[in-house]
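The figures here come from the full heavy-atom set of this structure, side chains too, leaving out hydrogens, waters and symmetry mates. Residue numbers run from 1 in the order of the sequence given.
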Amino acid sequence: MNDARLTRRRFLALTGASTATGAILTTSSTTSSTTSSTSSLTGSAEVAARDLTQAVLAAFERHRLVAIGESHGQQEHGDAQQMLLADPRLPQVVDDIVVEFGNALYQPIVDRFVAGGAVDDHVLRQVWRNTTQSPGATGDQPIREQFFRTVRAVNWTLPARRRIRVLLGDPPIDWSHITTQDQVDAFLAQRDAHMASVVKREVLAKKRRALICYGSGHVMHSPEPGQNADHAVPLIEEQTGRHVYVIVTGSHPRLAAFPRRTVIPCSGNWLESTDAGQFMDAPRLCGLPLGKLADAVLYLGQATELTQSLWNPAIFLDPVYWAELHRRNAINGNLIDLEKYRQQQPITMPAPPPVSCAANRGH
């Protein structure tokens, strides 16, 4: 046990995650003061805020499935995810991680890679490049590849029975056989149902525990029976009777006093009844209380503080890859401006105008 712990520390130091670990400890040590200083903001006596790792570990004490909903492309979310993966306590409670950014067609490749096997880079890249979301989302942001490589590094120190398996949740589309938008649409229509089936078959049926890493829209609870019924987590809950503990990412001015990467339960404070549309910058959620959709929120910072995980534009100088992206774009009616991929993008996260749910309800 001591040798394994030493090996993990060495791994954290080599990857630069030792600083992140220190951040976890600092946040953890200030949890009580955070609770005290923010109680006036919540309208309740106390808020049991925790850092992400503590919140996930606690959730797995009571649930077999824990979902973390992300806003795609945020560097801060990728950083928080790396800190969570690198914590040596995670493999003690998690058997599988289910991800949106991986094509299930390549499950054998990922199984081999995260177990420490040899996989050529050009083979591995297919996992995130060839999803149903291409070419609008190519998966070439550094946080995507980093995720798979971090799981592999963590598994290096573990016995085979404790290694974390990564389950690819995107349907197994084979772009080499795709020539029409109708074919693409057939895969798009089954995205949530496919993920739910993976969780039922590979996790619950095998009595395992899984962390689900998906966009927030896929993991929110149904606010009422029948609402969001085609989303992944509601499908899992309806078909299995199991409650998925859902943490969604979002921001609000009233959270500014909390440390970044803090998880705050929705129950028993103002978050429970706050308008989800405003919290998540999603007009379609206006009128729905956040507490109906999620069990907790992950606060990564105010909108003006967030940054993007950006691809290297040189990636798209590869003529074969560039031609394939153009072929896929032509299939979907050339809806994507591919030239932006070859241009340097601003590091700041595009911040949409704040959602006014009162205005939306007035229309």
- Message: Donor-acceptor pair, distance only, cut-off 3.5 Å: does the side chain of Gln107 make one with the backbone of Val166?
- Response: yes
When rounded to the nearest 0.5 Å, the distance separating OG1 of Thr249 from CG of Leu300 is 5.0 Å
Subject >> Any side-chain heavy-atom pair of Val184 and Ile331 under 4.5 Å >> reply: yes
Do Ser216 and Met280 come within less than 4.5 Å of each other through their side chains, counting heavy atoms only?
yes
- Looking only at side chains, do Lys200 and Gln239 share a donor and an acceptor under 3.5 Å apart? yes
May I ask you to say whether Arg162 pairs ionically with Asp95, meaning some side-chain N is under 4.0 Å from a carboxylate O? yes
query: Does a donor on one side chain and an acceptor on the other come within less than 3.5 Å for Gln75 and Thr307?
result: no
Leu293 and Pro223 have their tightest heavy-atom pair at CD2-CD, 3.7 Å
query = For the side chain of Asp275 and the backbone of Gly277, is there at least one donor-acceptor N/O pair under 3.5 Å apart?
reply = yes
query: Under 4.5 Å between any side-chain heavy atoms of Arg191 and Asp170, yes or no?
result: yes
Candidate pair Arg242 and Glu237, rule side chain to side chain contact (heavy atoms under 4.5 Å, CB included), full reasoning: CA-CA 5 Å; Arg242 285 192 173 274; Glu237 293 181 324; over 6 Å; no
Item to complete: State, yes or no, whether a side-chain contact exists between Phe279 and Leu285 at a heavy-atom distance under 4.5 Å.
Response: no
Do Glu76 and Arg261 meet the salt-bridge criterion of a basic N to acidic O distance under 4.0 Å? no
Between Gln181 (side chain only) and Gly333 (backbone N and O only), is there a donor and an acceptor less than 3.5 Å apart?
no
Distance col, row Arg328:CZ vs Trp175:CH2, nearest 0.5 angstrom, shows 5.5 Å
- Item | Ion pair Arg129/Asp121, N-O distance below 4.0 Å | no
* Backbone N/O of Pro171 and side chain of Gln190: donor-acceptor pair under 3.5 Å -> no
Check: Arg165/Asn155 side-chain N/O donor and acceptor closer than 3.5 Å: no
Can you confirm whether Leu85 sits close enough to Ile97 that some side-chain heavy atom of one is under 4.5 Å from a side-chain heavy atom of the other?
yes
Taking the side chain as everything from C-beta on, heavy atoms only, tell me whether Met195 gets closer than 4.5 Å to Val98. yes
message = Taking Lys207's backbone N and O only, do any of them form a donor-acceptor pair with Arg64's side chain (distance below 3.5 Å, no angle check)?
response = yes
Might you work through the side chain to side chain contact (heavy atoms under 4.5 Å, CB included) test for Leu255 and Ile264, ending with a clear yes or no?
CA-CA 9 Å; Leu255 295 177; Ile264 308 128; 3.8 Å; yes
Distance-only, no hydrogens or angles: does the Asn269 side chain make a donor-acceptor pair with backbone N or O of Pro265 under 3.5 Å?
-> yes
Taking Glu100 for its side chain and Gly215 for its backbone only, find out whether a donor-acceptor pair lies under 3.5 Å.
yes
- Does a side chain donor of either Asp192 or His231 reach within less than 3.5 Å of an acceptor in the other side chain? no
Does the side chain of Glu70 come under 3.5 Å of the side chain of His72 through a donor N or O and an acceptor N or O? yes
Which word best sums up how the rings of Tyr341 and Phe316 line up, parallel for under 30°, tilted for 30 to 60°, or perpendicular for over 60°? parallel
Practice item. Given side chain to side chain contact (heavy atoms under 4.5 Å, CB included), test Gln133 with Leu188 step by step and report yes or no. Key: CA-CA 8 Å; Gln133 304 304 288; Leu188 290 173; 3.6 Å; yes
Quick test of your reading of the model: are Glu202 and Arg208 salt-bridged, counting only N-O distances below 4.0 Å?
no
Can you tell if the side chain of Pro135 reaches within under 4.5 Å of the side chain of Asn332, non-hydrogen atoms only? yes
### Query
Taking atom types as modelled, is there a side-chain donor on Thr179 or Gln183 under 3.5 Å from an acceptor on the other?
yes
Note to self: For a quick check under 3.5 Å, do Thr131 and Asn103 share a side-chain donor-acceptor pair by atom type?
What the structure shows: no
Distance-only, no hydrogens or angles: does the Glu145 side chain make a donor-acceptor pair with backbone N or O of Arg125 under 3.5 Å?
no
Test: Arg209 and Asp96 ion pair at under 4.0 Å: no
Of Ile143, Ile68, Leu306, the one forming a side chain to side chain contact (heavy atoms under 4.5 Å, CB included) with His77 is Ile68
Nearest heavy-atom approach of Ile164 to Val151 is O-CG1, 4.0 Å
Checklist entry - Side chain of Thr274, backbone of Trp270: donor and acceptor closer than 3.5 Å? => result no
Taking the side chain as every heavy atom from C-beta outward, state whether Thr262 and Asp51 have any pair of such atoms under 4.5 Å apart. no
**Asked** Between His243 and Asp295, do the side chains contain an N or O donor and an N or O acceptor separated by less than 3.5 Å?
**Response** yes
Checklist entry - Would you find a donor on one side and an acceptor on the other, under 3.5 Å apart, between the side chain of Thr150 and the backbone of Gln146? => result yes
Requested in this report: Could you tell me whether Glu324 and Arg327 make a salt bridge, using a distance below 4.0 angstrom between a side-chain N and a carboxylate O?
Outcome: yes
Item to complete: Before giving the answer on side chain to side chain donor-acceptor pair (under 3.5 Å), spell out for Asp174 and Ser176 the whole-Å C-alpha distance, their side-chain angles and the decisive distance to 0.1 Å.
Response: CA-CA 5 Å; Asp174 185 344; Ser176 67; 2.6 Å; yes
Q.
So that I can tick it off, tell me whether Glu224 and Lys292 are bridged by a salt bridge, with the cut-off set at under 4.0 angstrom between side-chain N and carboxylate O.
A. yes
Contacts of Phe101 meeting ring pair (Phe, Tyr, Trp, His ring centres under 6.0 Å) (sequence neighbours excluded), chain-then-number -> Phe147, Phe148
task = May I ask you to check whether Asp140 and Tyr321 show a side-chain donor-acceptor distance below 3.5 Å?
result = yes
One should read off an interatomic distance between Leu290 CG and Cys266 SG, to the nearest 0.5 angstrom, of 4.0 Å
